[in-house]
Amino acid sequence: MSSVKLNPKLFDPEVEAIPTRDGYGEGLVALGEKDPNVVVLTGDLSASTRANKFEEKFPERFIEVGVAEQNMMGIAAGLALSGKIPFVSSYAVFVPGRCWDQLRVSVCYSKANVKVAGAHSGISVGPDGATHQALEDIASVRVLPNIVVEVPCDSIEAKKTTIAIGEHRGPAYFRFGREKTPVITSEDTPFKIGKAEVFRDGMDVTIIACGPLVYQSLVAAKELEKDGISAEVINNHTIKPIDKLTIASGAKKTGAVVTVEEHQINGGLGGAVAEVLAENFPAPMERIGMTDTFGESGAPEELLEKYGMSVKKIKEAARTVVKRKR
Amino acid sequence: MSSVKLNPKLFDPEVEAIPTRDGYGEGLVALGEKDPNVVVLTGDLSASTRANKFEEKFPERFIEVGVAEQNMMGIAAGLALSGKIPFVSSYAVFVPGRCWDQLRVSVCYSKANVKVAGAHSGISVGPDGATHQALEDIASVRVLPNIVVEVPCDSIEAKKTTIAIGEHRGPAYFRFGREKTPVITSEDTPFKIGKAEVFRDGMDVTIIACGPLVYQSLVAAKELEKDGISAEVINNHTIKPIDKLTIASGAKKTGAVVTVEEHQINGGLGGAVAEVLAENFPAPMERIGMTDTFGESGAPEELLEKYGMSVKKIKEAARTVVKRKR
Amino acid sequence: MDKRHSPQHREHTHIGEIEKIANDIRQDIIKMLVEAGSGHSAGPLGMADVFTALYFAVLNHNPQKPNWDERDRVVLSNGHIAPVLYTTLAHSGYFSREEALGTLRKLNSRLQGHPHVGTTPGVENSSGPLGQGLSQAVGMALAARMDGKKHWIYCLMSDGEHDEGQIWEAVMFAGKNRLFQITGIIDRNNIQIDGMTEDVMPLEPLREKYESFNWHVIDVDGHNIQEIIDACSEAKAIYEKPVMIIAHTIPGKGVGWMEFDYRWHGNPPGTLEVPGDPAKKDQAKSALDELRSLRGKITGEHE
Amino acid sequence: MDKRHSPQHREHTHIGEIEKIANDIRQDIIKMLVEAGSGHSAGPLGMADVFTALYFAVLNHNPQKPNWDERDRVVLSNGHIAPVLYTTLAHSGYFSREEALGTLRKLNSRLQGHPHVGTTPGVENSSGPLGQGLSQAVGMALAARMDGKKHWIYCLMSDGEHDEGQIWEAVMFAGKNRLFQITGIIDRNNIQIDGMTEDVMPLEPLREKYESFNWHVIDVDGHNIQEIIDACSEAKAIYEKPVMIIAHTIPGKGVGWMEFDYRWHGNPPGTLEVPGDPAKKDQAKSALDELRSLRGKITGEHE
Ligand SMILES: Cc1ncc(C[n+]2csc(CCOP(=O)(O)OP(=O)(O)O)c2C)c(N)n1
Ligand SMILES: Cc1ncc(C[n+]2csc(CCOP(=O)(O)OP(=O)(O)O)c2C)c(N)n1
Ligand SMILES: [Mg+2]
Ligand SMILES: [Mg+2]
């Protein structure tokens, strides 16, 4: 393992599991206590985004917009232009999906200090089905100028992300999962916007992951050891601005890369890493994620399995890419 | 040059210049004559998108929606589910920008046979300024499943694209420019959705371009010859499904790639090509396009110059990437 | 065309019969939700009477030919009430009750958590993300008008989704174009996720809103089958405007402890502890018992 | 605070003076458009009286301190009428007339084709893509309310952009929350790009729409400075609702051959051949001549 301090029980079968959205709720409350300018908005999704944690403590700084995401994003911009630090809370399919031009013009172009929290991202949303599984948000947001994009890997990192984003000046987008997922990090794990962290050292292949699938990546890396493959695992929580240095060093060291994300393999983390490699250190790469189809209803685990985001597939991709090395 | 037949006057100082949107208007009329199911919608932008060419001939199949892009996309889906072949005509900042979730759910998820035409794409929109310069649409659309994405390079190709997309069954997005740009191709230039065309043979570097900047790429390639660099130029008009074969062959042959687009370098053509290379033939690559900023008002030529999408910059990128070859 | 489903036949259908079917549909909604383990309760139960009236007395449709060109269309805009759509489709014969009760929200199922056109027979549009239905209904009405077709397009919407601007875009367009082949039906159940609509985002005066967008509005009791059928008939006689039927419904209707409680918007029985309601483990049985006893009381008094 | 701009001072400002400024602003709009070679004519000319009334009689503002916390805000939602905003800001002293007349839409200019907050002193929001202004005004009003601030937020909108659903979302929200610090002003000029609004997408009855969304509505003659000022004063007295002022304007006002012609929506004089209008090359001069002769006739008869 690397020098980074992770959850010591990480590989216990009984590892604690908490939805990353819980970290959002906690982070909001922590921010709210520190800064009276923090305000939270929701579009009729207070509880499931965990915005309700803030609502309970600071009702006078909580704004219910109803089912109107365009208006919500615009209101947030107006609040920010008046010195507030608004957090827009909805599902990742709706923010940015339902208000992309408002995010572009009212927020990013204006450099309005708006924070956008997309809950229920990824296929692990499960039974609600394809319409509710956000698999395109990283791509559609990271193409916008002036915005930070974060994908926390567990509830602890989600809380740190929320607080860091609240303190960062400028537009930001971050996404959460609905399901309980393993706690990977600890309070002591370093976290900085823009800095990818090596969560596990390795020499043969670099697995670059974001979000809760960092867990599957670490498990895959551990299992690959038995096959004689030494895999580095990077928690690339910041999609934008992407940490070119850490990614390129990984690629230089191992000469082979696998990206892992709960998102389309086109344009998201995989796309961002491919761009970094092409411009800095071309290396063979395989992408794990949705392969250009919509999701469907099912249990989260079943869906990750069916759509190829399992430990098994990460291992296969690692083996394939190691073979592709020259 | 390659065996592909281009406009013989391509390099004349007096080369004819026609906006690509004109090809859209002509293509619509041609389609309308062939197929009574073709219908055209606009959101209060009939003339500037050239949808008015269709309106004049087939008023009973023309639908004015007013300034309401979400509704327009939904109406188009309903028309398509009833057997019509609707073409949604607006600016590329608004379709998909203003109706991305409608495009995702009502169109792509439903596989509704809707065609989306984004006019006024790229920074060459000019004096209207940043809000009206679509520089993110390729990225935000190509991440969606079930949709074809096309970027024609001149008015002739734009007409062919319109007709081919009308005949293709399924969702499609294509973008046009506002300005007059050189006619690059001829009626005889081959065109097929999904097939990139080598417009110029070369051995040292592969320039992969889309849209009107194919012209600048060809000029750059010609001038590079004087410097002793032999540049291949690929007109990669189909962003999705991307032509892996042609791109990978180019990279294999020359070992160095430059992408050129009137779009953010993140997530668009540059991103798509980086993904293809990483998974098929890792090679050094440089990206020409908007470098993660918004545009501004100015004359089209001035803007292309200031934001680094000029012949000069393409040549520089080619030289840089050739040096990076191992 | 299947006789059972022809409008001619329906005039003779005993209203009591339809009420009994609606009650069966409610029971099946409970069963399918319990089997699925997730999904929405309040909306589907509240709309069971409207759906039953539509599919068993109003629509011109043929479950054996779901793609029949002349069929009336049902566009469901608030896709989260899919359980009532699926159950009604099953009861109409589009697919089996077994499929409805056993496969909702499961992997590889035709019954997705939110409706998907192309996957499920009888489903006319994909929904889930709110506010997208009426625009599609408008597109269908324009196509019908262009082709000189006479079928009707019923667009079912929730009250909460009227917060979405897209609806008002479509309302404005349909008003302008006098798309009389559209009959909208709003599930006016006064709840959305975060509370009562008039607390979260008030819609009143809703009738005046529609009227100011040039629609004709009819208010009905959404649990009175005869009123629903009559309003749909009246709508057919209104040629100069699209018609919006505001169906005043009780969310959770038929299960006393669910009624009017927005907490039952998105949870199936057996998943939510609510003070005053039966304990989780007893909820499914309590709901079914209550519905069964209601069924016994249906006599057909509306005739 | 700059005396010239205090509301106290303004009460004594001769209405005729303001009309003269409005005429000067119209002339400058023509000049800046001609210099830019592209941009919108009809909307800016039509709104010159409203802008002049606002900046010279209504607003509490200080051009020397554009970021002064207590200032009234002007949110321009229909960004394409930027020329009238820029010219009025220049006449108010936010920047020089030279900058306004010489740099619009040029490379490296502070006067972007559509307004950009942060770039231009006095510009409160970015716009261009229609329908986004009112939501931002709502956010500003909420912030003011939270902070107990008393300034006013004026949101200027076009009629065409009322096709956008986002506006109705914001209208509904402001109505619910009784955001009385918002005073909206609609440029009811009856044109949009593809034609007259009532042909392209009818908005009438517009007053009833706003009333059904729980706003207070005032109709004014958008070329009567006194009426505009009075309506803004009335709005300040209405505490229980947000107020929408429907300013009935003539697009292209002041240049006879442009008036009421939607073809002049997006073209500056000198760029469009229209039968009956002066030849391209004479348009700028003709427009300026007409405005100058109108200026001579302003006597201050409203006093
Ligand atoms: C665009 C969009 N935003 C948010 C949601 C999340 N959502 C699902 S149902 C719902 C409540 C809407 O109220 P209503 O439809 O009246 O609910 P019901 O009466 O059925 O409980 C919301 C906000 C959604 N589906 N779509
Ligand atoms: C979202 C969006 N869609 C389309 C446009 C293109 N557009 C610019 S102005 C305009 C006309 C709108 O009518 P109105 O604002 O009333 O125009 P005016 O009276 O100033 O001529 C349109 C459709 C836009 N700016 N934004
Ligand atoms: Mg409801
Ligand atoms: Mg107008």
Side-chain angles (χ1 to χ4, degrees), chain A residues 40-49 51-52 55 59 62-75 89-95 97-99 101-102 119-120 123 125-134 178-179 293-307, chain C residues 33 35-40 78-80 82 103-120 125-132 157-169 191-203 262-263 265-268 272:
Chain A
V40 175
L41 301 91
T42 194
D44 201 16
L45 287 169
S46 179
S48 59
T49 59
N52 64 341
E55 180 181 16
F62 182 79
I63 301 163
E64 173 64 74
V65 183
V67 200
E69 294 79 10
Q70 299 188 102
N71 187 38
M72 177 157 60
M73 193 63 79
I75 292 177
S89 320
S90 180
Y91 292 164
V93 275
F94 306 132
V95 297
R98 207 58 178 258
C99 46
D101 193 46
Q102 288 76 16
H120 285 41
I123 194 149
V125 164
D128 272 344
T131 53
H132 283 55
Q133 296 159 350
R178 175 200 158 112
E179 281 303 294
T293 65
F294 282 100
E296 63 174 298
S297 292
E301 275 309 315
E302 288 173 345
L303 292 167
L304 288 172
E305 186 72 33
K306 174 166 176 177
Y307 289 95
Chain C
L33 285 170
E35 171 64 27
S38 74
H40 299 74
N78 52 329
H80 64 272
T103 71
L104 175 71
R105 290 176 162 251
K106 298 203 169 157
L107 195 70
N108 301 320
S109 162
R110 295 202 295 180
L111 304 187
Q112 291 295 300
H114 294 84
H116 184 214
V117 64
T119 293
T120 320
N125 66 301
S126 305
S127 53
L130 293 165
Q132 298 195 25
M157 305 152 83
S158 68
D159 46 4
E161 71 174 328
H162 278 74
D163 303 355
E164 284 289 349
Q166 187 184 353
I167 292 206
W168 299 103
E169 294 178 0
I191 65 164
Q192 53 195 109
I193 291 183
D194 285 350
M196 305 302 289
T197 60
E198 300 313 284
D199 296 328
V200 173
M201 188 49 64
L203 296 176
Y262 63 83
R263 285 171 294 191
H265 156 90
N267 293 83
L272 191 70

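Computed from a predicted model, the values in this text were never measured in an experiment. What you see below is based on every heavy atom in this structure, not just the backbone, and it leaves out hydrogens, waters and symmetry mates.
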- Query: Which of the residues A:Val65, A:Val67, A:Leu303 is involved in the greatest number of heavy-atom pairs with chain C at under 4.5 angstrom?
  - Reply: A:Val67
- Message: Can you confirm whether A:Arg98 sits close enough to C:Gln132 that some side-chain heavy atom of one is under 4.5 Å from a side-chain heavy atom of the other?
- Response: yes
- Contact class of A:Thr42 relative to chain C, heavy atoms under 4.5 angstrom: side chain
- Message: Under a 3.5 Å distance rule, please check whether C:Asp194 uses its side chain to pair with a backbone N or O of A:Leu45 as donor and acceptor.
- Response: yes
- Query: If you count heavy-atom pairs under 4.5 Å between each of C:Thr119, C:Thr197, C:Asp163 and chain A, which one has the most?
  - Reply: C:Asp163
- Message: Checking C:Glu35 now: which residues fulfil side-chain contact (heavy atoms from CB on, under 4.5 Å) with it, not counting sequence neighbours?
- Response: C:Lys106
- Note on the structure: To the nearest 0.5 Å, atom CD of C:Glu164 lies from atom CD of A:Gln70 at 7.5 Å
- Query: Short question: side chain of C:His114, backbone of A:Thr131 - any donor-acceptor pair under 3.5 Å?
  - Reply: no
- Message: Donor-acceptor pair, distance only, cut-off 3.5 Å: does the side chain of A:Glu296 make one with the backbone of C:Asn108?
- Response: yes
- A:Asp128 CG to C:His40 NE2 distance, which is reported to the nearest 0.5 Å: 6.0 Å
- Partner residues of C:Pro268 under the side-chain contact (heavy atoms from CB on, under 4.5 Å) criterion, sequence neighbours left out: C:Leu33, C:Ser41, C:Thr271
- Item | C:Gly113 versus A:Ser297, closest heavy-atom pair with distance | N-OG, 2.8 Å
- When you measure from the side chain of A:Glu64 to the backbone N and O of C:Val200, does any donor-acceptor pair fall under 3.5 Å? no
- Note on the structure: Scored by heavy-atom pairs under 4.5 Å with chain C, the best of A:Glu302, A:Lys306, A:His132 is A:His132
- Message: I need the A:Phe294 CZ to C:Gln112 CD distance, nearest 0.5 Å.
- Response: 12.0 Å
- Side-chain donor/acceptor of C:Arg105 to backbone N/O of A:Gly129, under 3.5 Å: no
